[in-house]
Chemist: 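Provided herewith is a single structure, encoded as C-alpha coordinates, for subsequent inquiry.
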Amino acid sequence: MIKEFKEFSTEALLKVADEELLLDYKVSKLISLYTFIWSKNGKVIIEIDGIVTTLEKDSIVVLTPNQYFKYLSGSNLIVYQFNREFYCIKDHDKEVSCMGVLFHGNSAVSLVKLGVSERNKLEQLHSVFLDELDTVDTIQAEMLRMLMARFIITTTRLIKQQSNFDHVEDQGDLIRSFNMLVDTHFRKEHSVAFYAEKLFKSPKTLSNNFVKLKKSPLQIIHDRVILEAKRLLIYTDKTAKEIAYELGFEDASHLSRMFKKHTSFSPSEFKKQLKLEPQGNY
(Lines give C-alpha, C1' and ligand atoms only; values in the text may rest on other atoms or scores of the structure.)
Protein backbone atom coordinates (compact mmCIF):
# COMPACT_ATOMS: atom_id res chain seq x y z
CA MET A 1 0.00 0.00 0.00
CA ILE A 2 1.42 3.37 -1.07
CA LYS A 3 -0.57 6.58 -0.84
CA GLU A 4 0.92 9.74 -2.27
CA PHE A 5 0.20 13.45 -2.12
CA LYS A 6 1.70 15.86 -4.64
CA GLU A 7 1.26 19.60 -4.84
CA PHE A 8 2.31 20.65 -8.32
CA SER A 9 2.49 24.37 -7.55
CA THR A 10 5.17 23.84 -4.89
CA GLU A 11 6.49 20.38 -5.87
CA ALA A 12 5.60 19.19 -2.36
CA LEU A 13 5.57 15.42 -1.94
CA LEU A 14 4.29 13.18 0.85
CA LYS A 15 4.17 9.37 0.83
CA VAL A 16 2.37 7.24 3.42
CA ALA A 17 2.90 3.54 2.96
CA ASP A 18 3.80 0.12 4.31
CA GLU A 19 6.88 -1.98 3.49
CA GLU A 20 5.93 -1.98 -0.19
CA LEU A 21 7.53 1.45 -0.46
CA LEU A 22 10.86 0.06 0.78
CA LEU A 23 11.13 -2.56 -1.95
CA ASP A 24 12.69 0.14 -4.09
CA TYR A 25 15.61 0.13 -1.63
CA LYS A 26 16.64 -3.52 -1.96
CA VAL A 27 19.89 -2.06 -3.28
CA SER A 28 21.55 0.55 -1.12
CA LYS A 29 21.04 4.12 -2.36
CA LEU A 30 20.33 7.63 -1.13
CA ILE A 31 17.03 7.74 0.71
CA SER A 32 16.55 11.24 -0.84
CA LEU A 33 13.56 12.15 1.37
CA TYR A 34 12.98 12.75 5.06
CA THR A 35 11.82 9.32 6.18
CA PHE A 36 10.20 7.67 9.20
CA ILE A 37 10.07 3.86 9.36
CA TRP A 38 7.88 2.45 12.12
CA SER A 39 8.26 -1.22 13.05
CA LYS A 40 4.91 -2.19 14.52
CA ASN A 41 5.04 -5.87 15.37
CA GLY A 42 8.43 -7.46 14.83
CA LYS A 43 12.07 -7.05 14.02
CA VAL A 44 13.03 -5.13 10.90
CA ILE A 45 16.53 -5.36 9.44
CA ILE A 46 17.79 -2.34 7.51
CA GLU A 47 21.15 -0.91 6.50
CA ILE A 48 22.00 2.76 7.04
CA ASP A 49 25.24 4.09 5.57
CA GLY A 50 26.60 0.55 5.33
CA ILE A 51 25.76 -0.34 8.94
CA VAL A 52 23.13 -3.02 9.58
CA THR A 53 20.52 -1.90 12.12
CA THR A 54 17.73 -3.90 13.75
CA LEU A 55 14.47 -2.14 14.58
CA GLU A 56 12.64 -3.78 17.45
CA LYS A 57 8.86 -3.81 17.84
CA ASP A 58 7.32 -0.38 18.44
CA SER A 59 10.34 1.64 17.35
CA ILE A 60 10.71 4.36 14.74
CA VAL A 61 13.90 5.23 12.88
CA VAL A 62 14.37 8.70 11.40
CA LEU A 63 16.41 9.20 8.22
CA THR A 64 17.61 12.37 6.52
CA PRO A 65 17.75 12.74 2.71
CA ASN A 66 21.50 12.24 2.25
CA GLN A 67 21.78 8.94 4.09
CA TYR A 68 22.26 5.71 2.18
CA PHE A 69 19.57 3.14 2.92
CA LYS A 70 18.90 -0.52 2.17
CA TYR A 71 15.85 -2.58 3.17
CA LEU A 72 16.78 -6.13 4.14
CA SER A 73 13.75 -7.68 5.87
CA GLY A 74 10.68 -7.06 8.00
CA SER A 75 6.95 -6.58 7.58
CA ASN A 76 3.96 -4.76 9.05
CA LEU A 77 5.65 -1.36 8.74
CA ILE A 78 4.39 2.17 8.50
CA VAL A 79 6.52 4.48 6.37
CA TYR A 80 6.29 8.26 5.97
CA GLN A 81 8.39 10.13 3.43
CA PHE A 82 8.34 13.81 2.50
CA ASN A 83 10.53 16.39 0.80
CA ARG A 84 11.60 19.86 1.88
CA GLU A 85 8.86 21.48 -0.17
CA PHE A 86 6.17 19.60 1.76
CA TYR A 87 7.26 20.38 5.32
CA CYS A 88 10.52 22.25 5.69
CA ILE A 89 9.40 25.51 4.11
CA LYS A 90 6.69 25.97 6.74
CA ASP A 91 7.25 28.26 9.73
CA HIS A 92 7.72 25.54 12.33
CA ASP A 93 9.21 25.92 15.76
CA LYS A 94 12.96 25.21 15.69
CA GLU A 95 12.68 21.97 17.66
CA VAL A 96 10.27 20.38 15.17
CA SER A 97 11.60 21.89 11.95
CA CYS A 98 13.92 20.21 9.48
CA MET A 99 16.75 21.63 11.60
CA GLY A 100 15.17 20.20 14.72
CA VAL A 101 15.94 17.51 17.27
CA LEU A 102 15.02 14.55 15.05
CA PHE A 103 17.13 15.75 12.14
CA HIS A 104 20.01 17.14 14.21
CA GLY A 105 22.75 15.60 12.12
CA ASN A 106 23.88 12.72 9.94
CA SER A 107 26.57 11.10 12.07
CA ALA A 108 24.01 9.38 14.28
CA VAL A 109 20.69 7.69 13.66
CA SER A 110 17.64 8.97 15.55
CA LEU A 111 15.66 6.09 17.03
CA VAL A 112 12.37 6.56 18.88
CA LYS A 113 10.84 3.89 21.14
CA LEU A 114 7.06 3.83 21.67
CA GLY A 115 5.18 2.92 24.81
CA VAL A 116 1.60 1.64 24.70
CA SER A 117 0.10 5.12 25.07
CA GLU A 118 2.29 6.67 22.37
CA ARG A 119 1.65 3.76 20.02
CA ASN A 120 -2.11 4.21 20.41
CA LYS A 121 -1.86 7.94 19.73
CA LEU A 122 0.22 7.46 16.60
CA GLU A 123 -2.03 4.67 15.32
CA GLN A 124 -5.01 7.03 15.58
CA LEU A 125 -3.00 9.74 13.83
CA HIS A 126 -2.09 7.28 11.08
CA SER A 127 -5.77 6.53 10.48
CA VAL A 128 -6.43 10.24 10.08
CA PHE A 129 -3.50 10.46 7.64
CA LEU A 130 -5.02 7.74 5.48
CA ASP A 131 -8.47 9.33 5.54
CA GLU A 132 -7.05 12.74 4.65
CA LEU A 133 -5.09 11.36 1.72
CA ASP A 134 -8.42 10.21 0.28
CA THR A 135 -10.02 13.63 0.83
CA VAL A 136 -9.05 15.83 -2.09
CA ASP A 137 -10.02 19.47 -1.59
CA THR A 138 -8.45 22.93 -1.34
CA ILE A 139 -7.30 22.49 2.26
CA GLN A 140 -5.91 18.97 1.95
CA ALA A 141 -2.28 20.15 1.78
CA GLU A 142 -2.58 22.24 4.92
CA MET A 143 -4.29 19.42 6.80
CA LEU A 144 -1.57 16.93 5.82
CA ARG A 145 1.15 19.35 6.94
CA MET A 146 -0.62 19.79 10.27
CA LEU A 147 -0.78 16.02 10.74
CA MET A 148 2.91 15.66 9.93
CA ALA A 149 3.74 18.45 12.36
CA ARG A 150 1.78 16.60 15.05
CA PHE A 151 3.63 13.36 14.28
CA ILE A 152 7.00 15.13 14.47
CA ILE A 153 6.06 16.91 17.70
CA THR A 154 5.09 13.59 19.30
CA THR A 155 8.26 11.79 18.24
CA THR A 156 10.42 14.79 19.16
CA ARG A 157 9.05 14.76 22.71
CA LEU A 158 9.79 11.05 22.97
CA ILE A 159 13.35 11.24 21.71
CA LYS A 160 14.08 14.11 24.07
CA GLN A 161 12.86 11.99 26.97
CA GLN A 162 14.84 8.96 25.83
CA SER A 163 18.13 10.63 24.93
CA ASN A 164 20.50 13.17 26.39
CA PHE A 165 18.70 16.10 24.76
CA ASP A 166 16.99 16.90 28.05
CA HIS A 167 20.40 17.38 29.65
CA VAL A 168 21.43 19.98 27.09
CA GLU A 169 18.14 21.85 26.78
CA ASP A 170 19.68 25.29 27.12
CA GLN A 171 22.29 24.57 24.48
CA GLY A 172 19.91 22.76 22.13
CA ASP A 173 19.55 25.50 19.54
CA LEU A 174 23.29 26.08 19.40
CA ILE A 175 24.06 22.38 19.01
CA ARG A 176 21.49 21.93 16.25
CA SER A 177 22.77 25.04 14.45
CA PHE A 178 26.32 23.71 14.71
CA ASN A 179 25.33 20.33 13.28
CA MET A 180 23.52 21.96 10.37
CA LEU A 181 26.52 24.18 9.65
CA VAL A 182 28.80 21.15 9.69
CA ASP A 183 26.50 19.36 7.24
CA THR A 184 26.68 22.39 4.96
CA HIS A 185 30.42 23.15 5.11
CA PHE A 186 32.29 19.98 6.17
CA ARG A 187 33.60 19.36 2.65
CA LYS A 188 35.70 22.51 2.86
CA GLU A 189 35.92 23.57 6.50
CA HIS A 190 37.41 21.30 9.17
CA SER A 191 38.30 23.79 11.93
CA VAL A 192 36.23 24.60 15.02
CA ALA A 193 37.19 28.27 14.60
CA PHE A 194 35.26 28.51 11.31
CA TYR A 195 32.02 27.26 12.85
CA ALA A 196 32.49 29.25 16.04
CA GLU A 197 32.77 32.43 13.98
CA LYS A 198 29.59 31.54 12.07
CA LEU A 199 27.79 31.13 15.40
CA PHE A 200 29.30 34.32 16.89
CA LYS A 201 31.09 32.34 19.59
CA SER A 202 34.70 31.80 20.54
CA PRO A 203 36.01 28.27 19.92
CA LYS A 204 36.31 27.75 23.69
CA THR A 205 32.74 28.89 24.36
CA LEU A 206 31.46 26.65 21.59
CA SER A 207 33.36 23.66 22.98
CA ASN A 208 32.03 24.29 26.49
CA ASN A 209 28.48 23.90 25.17
CA PHE A 210 29.27 20.35 24.06
CA VAL A 211 30.68 19.08 27.36
CA LYS A 212 27.49 17.23 28.35
CA LEU A 213 27.29 15.54 24.95
CA LYS A 214 30.66 13.89 25.68
CA LYS A 215 31.76 14.73 22.14
CA SER A 216 33.68 17.86 21.17
CA PRO A 217 32.89 20.06 18.15
CA LEU A 218 36.12 18.86 16.50
CA GLN A 219 35.07 15.22 16.97
CA ILE A 220 31.71 15.96 15.35
CA ILE A 221 33.43 17.61 12.37
CA HIS A 222 35.80 14.68 11.98
CA ASP A 223 32.97 12.14 12.39
CA ARG A 224 31.06 13.85 9.57
CA VAL A 225 34.11 13.86 7.30
CA ILE A 226 34.81 10.18 8.01
CA LEU A 227 31.17 9.24 7.48
CA GLU A 228 31.19 10.89 4.06
CA ALA A 229 34.52 9.28 3.20
CA LYS A 230 33.04 5.87 4.08
CA ARG A 231 29.99 6.56 1.92
CA LEU A 232 32.15 7.48 -1.04
CA LEU A 233 34.40 4.45 -0.56
CA ILE A 234 31.44 2.08 -0.24
CA TYR A 235 29.12 3.48 -2.89
CA THR A 236 31.40 5.00 -5.54
CA ASP A 237 34.48 3.98 -7.52
CA LYS A 238 36.39 7.13 -6.58
CA THR A 239 40.00 6.75 -5.51
CA ALA A 240 41.20 7.73 -2.04
CA LYS A 241 42.94 10.73 -3.60
CA GLU A 242 39.75 11.87 -5.37
CA ILE A 243 37.77 11.50 -2.15
CA ALA A 244 40.35 13.46 -0.19
CA TYR A 245 40.15 16.32 -2.68
CA GLU A 246 36.32 16.23 -2.61
CA LEU A 247 36.41 16.47 1.19
CA GLY A 248 38.64 19.52 1.24
CA PHE A 249 42.10 17.97 1.73
CA GLU A 250 44.85 19.28 -0.52
CA ASP A 251 47.07 16.41 0.61
CA ALA A 252 45.43 12.95 0.55
CA SER A 253 47.71 11.83 3.38
CA HIS A 254 45.89 14.18 5.78
CA LEU A 255 42.57 12.40 5.20
CA SER A 256 44.34 9.04 5.35
CA ARG A 257 45.73 9.79 8.81
CA MET A 258 42.35 11.01 10.08
CA PHE A 259 40.57 8.02 8.57
CA LYS A 260 43.01 5.53 10.09
CA LYS A 261 42.70 7.17 13.51
CA HIS A 262 38.92 6.66 13.41
CA THR A 263 38.71 3.26 11.73
CA SER A 264 42.15 1.59 12.12
CA PHE A 265 42.26 1.38 8.30
CA SER A 266 43.63 3.68 5.65
CA PRO A 267 41.03 4.55 2.96
CA SER A 268 42.64 2.10 0.53
CA GLU A 269 42.72 -0.66 3.17
CA PHE A 270 39.07 0.04 3.99
CA LYS A 271 38.19 -0.26 0.30
CA LYS A 272 39.97 -3.62 0.09
CA GLN A 273 38.14 -4.87 3.20
CA LEU A 274 34.81 -4.13 1.54
CA LYS A 275 35.60 -6.76 -1.08
CA LEU A 276 36.50 -9.35 1.56
CA GLU A 277 33.73 -8.85 4.14
CA PRO A 278 29.97 -8.13 4.01
CA GLN A 279 28.99 -4.52 4.57
CA GLY A 280 27.69 -3.61 7.98
CA ASN A 281 30.85 -4.00 10.06
CA TYR A 282 31.94 -0.40 9.88
Side-chain angles (χ1 to χ4, degrees), residues 1-4 14-83 87 96 98 100-130 147-148 150-166 179 223 227 230-231 234-235 277-282:
M1 179 274 294
I2 302 175
K3 290 181 177 285
E4 190 173 280
L14 169 69
K15 298 179 181 181
V16 179
D18 57 17
E19 58 271 14
E20 181 183 349
L21 179 62
L22 301 183
L23 296 178
D24 194 36
Y25 297 94
K26 281 294 187 178
V27 176
S28 186
K29 62 181 181 178
L30 281 175
I31 194 76
S32 297
L33 300 168
Y34 291 91
T35 302
F36 293 91
I37 301 172
W38 174 4
S39 173
K40 291 191 65 181
N41 289 328
K43 289 186 177 181
V44 178
I45 311 298
I46 57 177
E47 184 182 289
I48 303 169
D49 288 326
I51 299 175
V52 175
T53 301
T54 300
L55 296 184
E56 301 293 341
K57 176 183 176 182
D58 288 331
S59 60
I60 299 172
V61 67
V62 187
L63 302 173
T64 55
N66 62 341
Q67 289 180 299
Y68 280 85
F69 175 78
K70 182 178 181 180
Y71 170 59
L72 297 172
S73 67
S75 59
N76 201 7
L77 309 181
I78 291 176
V79 183
Y80 299 105
Q81 286 192 316
F82 60 88
N83 61 3
Y87 182 82
V96 296
C98 290
V101 168
L102 292 174
F103 310 111
H104 64 279
N106 291 287
S107 59
V109 175
S110 294
L111 188 65
V112 183
K113 297 178 181 179
L114 303 180
V116 175
S117 175
E118 292 83 9
R119 175 188 170 115
N120 291 338
K121 288 178 183 177
L122 292 183
E123 283 182 336
Q124 292 174 11
L125 185 62
H126 182 65
S127 295
V128 179
F129 256 122
L130 296 179
L147 292 171
M148 181 51 66
R150 184 174 174 183
F151 181 89
I152 290 175
I153 288 169
T154 301
T155 48
T156 296
R157 285 173 174 167
L158 287 172
I159 203 168
K160 287 180 66 181
Q161 293 168 9
Q162 296 164 12
S163 70
N164 59 1
F165 278 103
D166 281 344
N179 275 307
D223 284 351
L227 173 61
K230 285 182 175 181
R231 287 174 174 171
I234 293 170
Y235 301 113
E277 300 180 17
Q279 291 181 19
N281 299 321
Y282 306 102

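Along the sequence shown, residues are numbered consecutively beginning with 1.
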Chemist: When you compare the side chain of Phe69 with that of Leu22, does any pair of heavy atoms fall below 4.5 Å?
Modeler: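 With C-beta onward as the side chain, the pair touches.
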
Chemist: Using side-chain heavy atoms (C-beta onward) and a distance below 4.5 Å, is Tyr71 in contact with Ile37?
Modeler: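 No; the side chains remain at least 4.5 Å from each other.
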
Chemist: Does Ser75 offer a backbone N or O that forms a donor-acceptor pair with the side chain of Glu19 under 3.5 Å?
Modeler: no

Chemist: Using a 4.5 Å cut-off on heavy atoms from C-beta on, say whether the side chain of Val61 contacts that of Ile48.
Modeler: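 They are in contact (side-chain heavy atoms under 4.5 Å apart), so the answer is yes.
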
Chemist: Applying side chain to side chain contact (heavy atoms under 4.5 Å, CB included), run through Trp38 and Asp58 and close with a yes or a no.
Modeler: CA-CA 7 Å; Trp38 174 4; Asp58 288 331; 4.3 Å; yes

Chemist: For a quick test of reading the model, state the closest non-hydrogen atom pair linking Met1 to Glu20 and the distance between them.
Modeler: N-OE1, 2.5 Å

Chemist: Rounded to the nearest 0.5 Å, what separates atom OG1 in Thr53 from atom CD1 in Ile46?
Modeler: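 Spacing of OG1 (Thr53) from CD1 (Ile46) equals 5.5 Å.
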
Chemist: As an exercise, state the distance from CD1 of Ile45 to CG of Leu55, rounded to the nearest 0.5 Å.
Modeler: 8.0 Å

Chemist: Using only atom types and a distance under 3.5 Å, with no angle test, would you say the side chain of Gln81 pairs donor to acceptor with the backbone of Thr35?
Modeler: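 Not a single qualifying donor-acceptor pair exists.
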
Chemist: Got a second to check how far Thr155's OG1 is from Ile60's CD1, nearest 0.5 Å?
Modeler: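 The distance works out to 6.5 Å.
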
Chemist: Is there a side-chain contact between Tyr34 and Pro65, using heavy atoms and a 4.5 Å cut-off?
Modeler: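 The answer is yes, as the side chains (C-beta and beyond) meet within the 4.5 Å cut-off.
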
Chemist: Are Lys43 and Glu56 packed together at the side-chain level, in the sense that at least one heavy-atom pair is separated by less than 4.5 angstrom?
Modeler: yes

Chemist: For Tyr25, does the six-membered ring have the charged nitrogen or CZ of Lys29 within the cation-pi criterion, i.e. under 6.0 angstrom from the centroid and within 45° of the normal?
Modeler: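 Positive - Lys29 is close enough to the ring of Tyr25 and near enough to its axis.
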
Chemist: What are the two closest heavy atoms between Val27 and Lys70, and how far apart are they?
Modeler: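 Of all heavy-atom pairs spanning Val27 and Lys70, the closest is C-CG, 4.3 Å.
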
Chemist: Counting only heavy atoms not in Lys3, do more than 12 fall under 6.0 Å of its NZ?
Modeler: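 Correct, the count exceeds 12.
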
Chemist: For salt bridge (Lys or Arg N to Asp or Glu O under 4.0 Å), just list the numbers for Glu123 and Lys40, CA-CA rounded to whole Å, side-chain angles, deciding distance to a tenth of an Å, and then say yes or no.
Modeler: CA-CA 10 Å; Glu123 283 182 336; Lys40 291 191 65 181; 3.2 Å; yes

Chemist: So how far is it from Leu130 CG to Ile78 CD1, rounded to the nearest 0.5 Å?
Modeler: 7.5 Å

Chemist: Does the side chain of Thr154 reach to within under 4.5 Å of the side chain of Lys121, using non-hydrogen atoms?
Modeler: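 Of all side-chain heavy-atom pairs linking Lys121 with Thr154, none is under 4.5 Å.
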
Chemist: Out of curiosity, Ser32 OG to Gln67 CD, how far, rounded to the nearest 0.5 Å?
Modeler: 11.5 Å

Chemist: Could you tell me how the ring of Phe129 sits relative to the ring of Tyr80: parallel (under 30°), tilted (30 to 60°) or perpendicular (over 60°)?
Modeler: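 Aromatic pair Phe129/Tyr80 classed tilted.
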
Chemist: For a quick test of reading the model, state the closest non-hydrogen atom pair linking Ser39 to Val44 and the distance between them.
Modeler: OG-CG2, 3.3 Å

Chemist: Would you call Ser59 and Leu114 a side-chain contact if the rule is heavy atoms closer than 4.5 Å?
Modeler: no

Chemist: Drop me the distance from Phe82's CZ to Phe151's CZ, to the nearest 0.5 angstrom.
Modeler: 9.0 Å

